[in-house]
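Have a look at the structure below before the remarks.
Counting convention: from 1, in listed order, for ligands and their atoms alike. These numbers come from the heavy atoms of this one structure, side chains and all, not from hydrogens, waters or symmetry mates.
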Amino acid sequence: MPAEVYYDDDADLSLIQGRKVAVLGYGSQGHAHALSLRDSGVDVRVGLPEGSKSRAKAEEQGLRVLTPAEASAEADVIMILAPDTAQRTLYAESVAPHLTAGKALFFGHGLNIRYGFITPPADVDVAMVAPKGPGHLVRRQFVDGKGVPCLVAVEQDATGNAFALALAYAAGIGGTRAGVIKTTFKEETETDLFGEQAVLCGGASALVQTGFEVLTEAGYAPEVAYFECLHELKLIVDLMYEGGIARMRYSVSDTAEYGDYSRGPRVVDARVKEEMKRILAEVQSGEFAREWIAEDDAGRPNFTKYREQGASHPIEETGKKLRSMMSWVDRPITETA
Ligand SMILES: NC(=O)C1=CN([C@@H]2O[C@H](COP(=O)(O)OP(=O)(O)OC[C@H]3O[C@@H](n4cnc5c(N)ncnc54)[C@H](OP(=O)(O)O)[C@@H]3O)[C@@H](O)[C@H]2O)C=CC1
Ligand SMILES: CC[C@](O)(C(C)=O)C(=O)O
Ligand SMILES: [Mg+2]
Ligand SMILES: [Mg+2]
């Protein structure tokens, strides 16, 4: 069944302009939501712990910063944009005591609701506004008068108005300029986790690193391998983004197109598809979510090791050198914050 899509004309921005909104967290998503809501005429406060390094940034950008508990007490729409692993404790200590009947609890990703780490009371609205893109792009698009498409879902509709309120919130961050798709917490959470693990982050990183290793181990220059396996990937993905895989195949040489058809399925073969299915099953059963929360509770020993290994991969050193020669590429990721 095709998804239902909503645009600016379907949203009533005044619904969110008439509420007090607390954005808890001021990272990638938090800064984009808080600044864009404010610019859309919404009464916003940011909730951050006393020692948070994000406090100074939010204040510098003209936002009122309170503790998460103070912000939750004051607001009637509370958007949780702290890291997924911090949300359980943040909710229990600072949000739940102030979550009185008729308030709305919003999320940017459904993990804590989907896997039962947070169970809100029955008399509040529970909804999600999840931009399908990184927060810095969400903000940049909004400032440019455009928007990043969002997913909107309602888990609990205590007031009968939860979807309209979520749609208004999505309009406030530019989402309805691009299109908002109605989904469920289950669908958003499971597809988001699968997508970032198997394709977007895990799959793509492993593909790039492995291609780079094969070329450099065979004696080719790391700089040439970097261009082939990482730099040009953006150019290829941009073509897919603009017009699908067909547009990319139209634009590359016939030689590349034949290599794509005849060799690509040998790289991502039936074994890889089976592994993707196992990854999806771990997401659906909650095995991944429980593993990740336990990893965080234990102080992230594996995460830290993986991060160090990734940072010391030879492709990073080569990339750093090459990107410094390309001024248009080497720009800070926090430029919108
Ligand atoms: N990154 C993205 O683009 C996307 C993220 N999401 C979802 O959005 C949510 C936020 O993720 P993301 O923006 O990446 O997070 P970030 O890690 O970028 O930022 C987290 C923010 O929360 C603050 N924070 C940490 N602990 C607490 C706490 N206990 N109370 C309040 N604030 C706290 C951090 O402050 P400090 O500076 O002190 O660390 C920081 O400002 C997640 O649910 C994620 O899955 C959804 C779509 C895309
Ligand atoms: C692809 C990663 C993501 O799901 C996102 C930016 O949408 C995330 O969790 O950061
Ligand atoms: Mg995502
Ligand atoms: Mg995600």
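Here the heavy atom of the protein found nearest to atom 13 (O) of ligand 1 is Gln29 N, 2.8 Å. For atom 30 (N) of ligand 1, the closest heavy atom belonging to the protein is Leu90 CD1, 3.4 Å. Distance from atom 17 (O) of ligand 1 to its nearest protein heavy atom, with residue and atom name: Pro83 CG, 4.1 Å. Among all protein heavy atoms, the one lying closest to atom 42 (C) of ligand 1 is Asp84 OD1, 3.3 Å. Shortest contact from atom 39 (O) of ligand 1 to any protein heavy atom: Lys53 NZ, 3.2 Å. From the protein, the heavy atom lying nearest to atom 7 (C) of ligand 1 is His109 CB, 3.8 Å. Among all protein heavy atoms, the one lying closest to atom 10 (C) of ligand 1 is Leu81 O, 3.3 Å. The shortest contact between atom 31 (C) of ligand 1 and any protein heavy atom is with Pro49 CD, 3.6 Å.
Comparing heavy-atom distances from atom 37 (O) of ligand 1 across Ala69, Pro134, Ser54, Ser94 singles out Ser54 as nearest. Considering Ser28, Gly25, Cys150 only, the shortest heavy-atom separation from atom 18 (O) of ligand 1 involves Ser28. Nearest-residue assignment for atom 9 (C) of ligand 1 (options Ala58, Ala82, Gly108, Ala130; heavy-atom criterion): Ala82.
Between the side chain of Arg45 and the backbone N or O of Leu66 there is no donor-acceptor pair closer than 3.5 Å. A donor-acceptor contact shorter than 3.5 Å is absent between the side chain of Gln29 and the backbone of Ile80.
Proximity of Met326 to His231: side-chain heavy atoms (C-beta onward) are separated by under 4.5 Å at one or more points. At least one side-chain heavy atom of Asp238 sits under 4.5 Å from a side-chain heavy atom of Lys234. The shortest distance between side-chain heavy atoms of Val126 and Val124 falls below 4.5 Å.
With respect to the salt-bridge test (charged N to carboxylate O, under 4.0 angstrom), the residues Arg139 and Asp39 qualify. One finds no salt bridge joining Asp8 and Arg177 here, because no Lys/Arg side-chain nitrogen approaches an Asp/Glu carboxylate oxygen to under 4.0 Å.
The N, O or S atom of Glu196 with the smallest distance to the Mg ion (ligand 4) is OE1. The N, O or S atom of Asp192 with the smallest distance to the Mg ion (ligand 4) is OD2.
The distance criterion of under 3.5 Å between nitrogen or oxygen atoms is met by Gly135 with respect to ligand 1.
The environment of Arg300 atom CZ is dense: over 12 non-hydrogen atoms of other residues, nucleotides or ligands sit within 6.0 angstrom. For Tyr241, the OH atom counts as loosely surrounded, since its 6.0 Å shell holds 12 or fewer non-hydrogen atoms of other residues, nucleotides or ligands.
Ligand 1 lies less than 4.0 angstrom from a heavy atom belonging to Pro131.
Exactly one of Thr85, Ile118, Leu24 qualifies for a side chain to side chain contact (heavy atoms under 4.5 Å, CB included) with Leu90. That residue is Leu24.
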Dump the intermediate steps for ring-ring contact (aromatic ring centres under 6.0 Å, His included) on Tyr6 and Phe163, then the final yes or no.
CA-CA 11 Å; Tyr6 300 83; Phe163 183 71; 5.1 Å; yes
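Contacts of Arg55 with ligand 1, taken as heavy-atom pairs under 4.0 Å, are absent altogether.
Atoms of ligand 1 lying under 4.0 Å from any heavy atom of Gly133, numbered from 1 in the order shown and given with element: 3 (O), 48 (C).
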